[in-house]
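Data first, discussion second: the structure below is written as structure tokens.
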Amino acid sequence: MASSSSTTASVGRPSSSHRSERPPLSTSASASAASNVNSSRSSRSSIPTSLSSSTNGIPTSRRSRSLTPSSRTRSPSPFSSSCLSNDPEPGRVRVAVRIRPRIAADLSDADYPDCVEVQPEESLCVPVCFIASFSWLFTMHTVYLIQEVKMSFVLQLKKLKLRKNNWSAEYFRFDEVFATSASQKRVYEVVAKSVVESVLDGYNGTVMAYGQTGTGKTYTLGRVGKDDDSKRGIMVRALEDITTNTSPTSDCVEISYLQLYMESIQDLLAPEKTNIPIVEDGRTGEVSVPGATVVKLNSMDQFVQLLHMGEANRHAANTKLNTESSRSHAILMVFIRRSVPEQEGLDISLRETEVDKKTGRPGYHVPTIRKSKLLIVDLAGSERLDKSGSEGHLREEAKFINLSLTSLGKCINALAENSPHIPTRDSKLTRLLRDSFGGSARTSLIVTIGPSSRHHAETSSTIMFGQRAMKIVNAVKLKEEFDYESLCRKLEIQVDHLTEEVDKQQKLRENYRSEMEIKLREYQNSLAEAEKSLASRSEFLEQDNASLESRMKDFVKELKSLKDHNDLMHDEIAQLEKSMKNNKLLEKENSQLAQKLKDVLDDLSQQKNYNDVMRDEVASLEMSLKLSKQQQLENSTYQKVLADTTQMYEKELADLMKQSENSHALAESAEGHLEELKKKLTDNQILMQHVQMENSGYQKTLAETTQMYEGKIASLTREINEEHARYIDAQEQLNILRKLSSGQQNSVQIEEQKEIRELKSRLQEMHQVHEATGNELQSLKKEHNDLEAEKGRLNDEIHTLRQALKVEEMRRKAAENDLVNIKKVVPESEDGFEEKRSYTKEKLNRGPSSFGQRSSIAKICEEVGLQKILSLLTCEELDVQIHAVKVVANLAAEATKRGLFMKGVWMHCSCCCSHQRIQPYSGWLLVLLPIWP
Ligand SMILES: Nc1ncnc2c1ncn2[C@@H]1O[C@H](COP(=O)(O)OP(=O)(O)OP(=O)(O)O)[C@@H](O)[C@H]1O
């Protein structure tokens, strides 16, 4: 009925030439299916026995059938070939004939014998080519095949005998012929089950009952079997199978129940819906009735109720032929929508886990869905008005029924004859059945006939309708498509989820971004601060470096000066050493002097001895003087002089004694002083050695300290240089860091801060070292100053000692002179007195200048004695007297200062003045003395 052909049809229609002449075929696959009416769906995919295995060219099924030829219930049926891939003619409309048993209504026809008869089964193995070429042979009762032909099909067609009369009959082959005794179950399994299974597999399917009114169409299809389950019709059984083989979770089963009544589509589930339009998809040619009520099926009870509802709403009437004659075509539409497992679905090149190479986006598995439709069509029965006795409205209904059936017949004829024009638009029935005949559906037609020969013509017409329908081959097509709805739902869910995730991520990112911005700002601020502090620090460091360098220079200068000073100290020490050597020489000299002094002392002791001798001599002289006093009484002057002389000598002796004692004391003191000097010299030598040692220690320490500080200065200089280099590196790094992107600022800042911290700590350390060095330098300076002071003090002490030594030397010399003078002055005998006098004279002639400043008066007094000088005043030589006066005048002048000698001199002068010889000068002296400066 369908003029368009499917582009994706898995099974194409056969060529018209073959179709027009070819009788119905059956496949061996049906044998296996028919042998087990409860065969599972998996068995449908098994390789047909006839094709998979054969022995001696005879199919297994045939051999098995030959064993049980009379077993009708087990005979394979073409309807059972549910596996379309193994069906040689999967799209052909399967046609079965069901002969209704005689019922009560047929009592009036008792006189009419049965005109139909089911003939015994025969299985024919026919090669395909033979069948194609000699299809006419299949109208014969028996066909024998040449067994040598290897490839063949087993034809298990059923024969129906239609008696015309007692002597003639016609034979018709159908895919199945059900005898009157055929059960509802068997009819379902043979006719409808394979279609239902195909529908469950995703193909459209149609099960339609066609026949004269009252022949059992509704009984076959629509019987609910409320009281007797075995009476359940195809509709109930089909739905039972469907509900059994579908899952309410993954599959969807919906039904619509319509009736075409007088060319009006009415909803049996919603009777108010009438004249529902038919909609045809211009692209696919699909026909639908969108206005019809679609009820999702949840259970069989629900379906039974719906079926009852539909039956209740269906137009029916009581006619002569059927008490409950259906006045409409009932169409039960079962929509099945099943999700296809991935491995069974369409070949999709792109999977979820794969990536689209063009777009680069992840691939998505597009779920496939199979949307199939099962039509169970209970046609209204054709009727002859004269027989049905329909009048009035029933007549009108009958006309519409017949018209629609005629249209259907025409389409069937056209399709059977492969006519180029299929008049599907002549009636709504043919429009609704467009997919069932000539379309993509797998169709089974059950033709119901009554047994009575009274209705031979109608029966014959029905059979012929069935015969023609057998020639129709549909282009069975899997109703599988991408489930864009579920994909959309899935994608929508995914999109929602992704959107949510994106929002979440966006929020997180924004939070993170804001946090990062805050952190970045903080880091920038800290970086700026760090840069600032670093700049100031670098400036400070530069200044510090400069000051350190200047200090270093100063320090180096100071060190240089210290070095110079040290050199000077060395020189001084060398000089000291030299002076020490000189001191040693002096010591030698001192020892020589001491020796000399010893000699002097020895001389003095000799002198003392001499003095003692002299004393003895004086004593003897005194004795002799006493003796001579008596002898020299006459010469008083001489005696006086002698007395004076004696007195003078006594005095002189006393003076000499005194002088000797003084000299002795002086020698002793000189000795003590010399000892002291020696001790001092020794102490000084020890001190000098100590000082020298200390000085060498200081020098060593100074050299070590200098070396250490030079090393420290060098290391400090190195460190400063290194720090400077590091600082330059840090500055360069800082510049590089400044150039780095903000993304790296974090780590760089951390590193910078770390480095800055390190630099700071290093600088602090340097500062501490610098301070320690400064402190140490200060202490060293202080030590140096102390040393300098000590050195100065020692120098002063050395100078003082030298001065003292000089003074002592001069004293020693003076003492020596004095001793020499004393020796000279003191006469050894009477003769020596003259010598003393001459010496004194000589001395006096030379004047005071020859004595020097210190030996003017005191010296003369000490050396010569005042009495002797005064005695010279009375000397006969005028010059001597004048010199003596001068000396005395000088003495007087000297003594004037001290006021010592004036009295003595005056006394002596007065004494002299009394003397005649010095009288002329005494007045002069007395005059002179007061005016002497
Ligand atoms: N196979 C059968 N075995 C027993 N009774 C049957 C059988 N077929 C039909 N009948 C009976 O025949 C009568 C008519 O059957 P049914 O109503 O199904 O015929 P019909 O073809 O639907 O008629 P119409 O076309 O007028 O609706 C019913 O009473 C039914 O019970």
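Numbering of ligands and ligand atoms starts at 1, following listing order. Below, each value reflects all heavy atoms present in this structure, side chains not excepted, and no hydrogens, waters or symmetry copies.
- In terms of modelled atom types and a separation under 3.5 Å, the side chain of S326 and the main chain of S328 share no donor-acceptor contact.
- Taking any N or O of T213, backbone or side chain, at least one lies under 3.5 Å from an N or O belonging to ligand 1.
- Salt-bridge formation is detected for the pair E286/K479: a Lys NZ or Arg NE/NH1/NH2 atom is positioned less than 4.0 Å from an Asp or Glu carboxylate oxygen.
- Looking at K161, its side chain never comes within 3.5 Å of a backbone N or O of E117 through a donor-acceptor pair.
- Side chain to side chain, N275 and K428 meet the donor-acceptor criterion of an N or O pair below 3.5 Å.
- The atoms of ligand 1 that sit less than 4.0 Å from any heavy atom of S326 are 24 (P), 26 (O), 27 (O).
- R431 and E280 are joined by a salt bridge, as a carboxylate oxygen and a charged side-chain nitrogen come within less than 4.0 angstrom of each other.
- Side-chain atoms of R442 do not come within 3.5 Å of backbone N or O of G91 as any donor-acceptor pair.
- At a 3.5 angstrom cut-off on N or O pairs, T448 does not count as close to ligand 1.
- The Q212 neighbourhood of ligand 1 comprises atoms 21 (O), with distances under 4.0 Å to a heavy atom of that residue.
- Closer than 4.0 Å to atom 28 (C) of ligand 1 lies none of the heavy atoms of the protein.
- Counting only heavy atoms of the protein, atom 25 (O) of ligand 1 lies nearest to K217 NZ, 2.8 Å.
- For ligand 1, the atoms closer than 4.0 angstrom to any heavy atom of T215 are 19 (O), 20 (P), 21 (O).
- Between H329, R327, R100, R314, it is R100 that holds the heavy atom closest to atom 8 (N) of ligand 1.
- For ligand 1, none of its N or O atoms has an N or O atom of P101 under 3.5 Å away.
- Taking only nitrogen or oxygen atoms, main chain and side chain alike, D378 does not reach within less than 3.5 Å of ligand 1.
- Counting heavy atoms closer than 4.0 Å to ligand 1, residue R98 contributes side-chain atoms (C-beta onward) but none from N, CA, C or O.
- Under the 3.5 Å distance criterion, with hydrogens and angles disregarded, no donor-acceptor pair is assigned to the side chains of S404 and S427.
- Using a 4.0 Å cut-off to heavy atoms of G381, the atoms of ligand 1 that qualify are 25 (O).
- Annotation for ligand 1: atoms under 4.0 Å from non-hydrogen atoms of I103 are 5 (N), 11 (C), 12 (O), 13 (C).
- The closest protein non-hydrogen atom to atom 17 (O) of ligand 1 is N322 ND2, 2.9 Å.
- A salt bridge links R92 and D175; the closest N-O separation between the charged side-chain nitrogens and carboxylate oxygens is under 4.0 Å.
- Proximity annotation for atom 15 (O) of ligand 1: of G233, A330, G216, G216 comes nearest, heavy atoms only.
- Residues meeting the salt bridge (Lys or Arg N to Asp or Glu O under 4.0 Å) test with R314, sequence neighbours left out: D378.
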Side-chain donor-acceptor pairs under 3.5 Å in residues 295-310, sequence neighbours left out?
residue	atom	partner	partner atom	Å
S299	OG	Q302	N	3.2
Q302	OE1	N298	N	2.5
Q302	NE2	K296	O	3.0

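- Of all protein heavy atoms, the one closest to atom 14 (C) of ligand 1 is G214 O, 3.6 Å.
- Among all non-hydrogen protein atoms, the one lying nearest atom 30 (C) of ligand 1 is Y219 CD1, 4.0 Å.
- Of all the atoms in ligand 1, the ones that sit under 4.0 Å from a non-hydrogen atom of T218 are 18 (O), 22 (O), 27 (O).
- Within 6.0 Å of atom CZ in F335, more than 12 heavy atoms from other residues, nucleotides or ligands are found, so the atom counts as buried in its surroundings.
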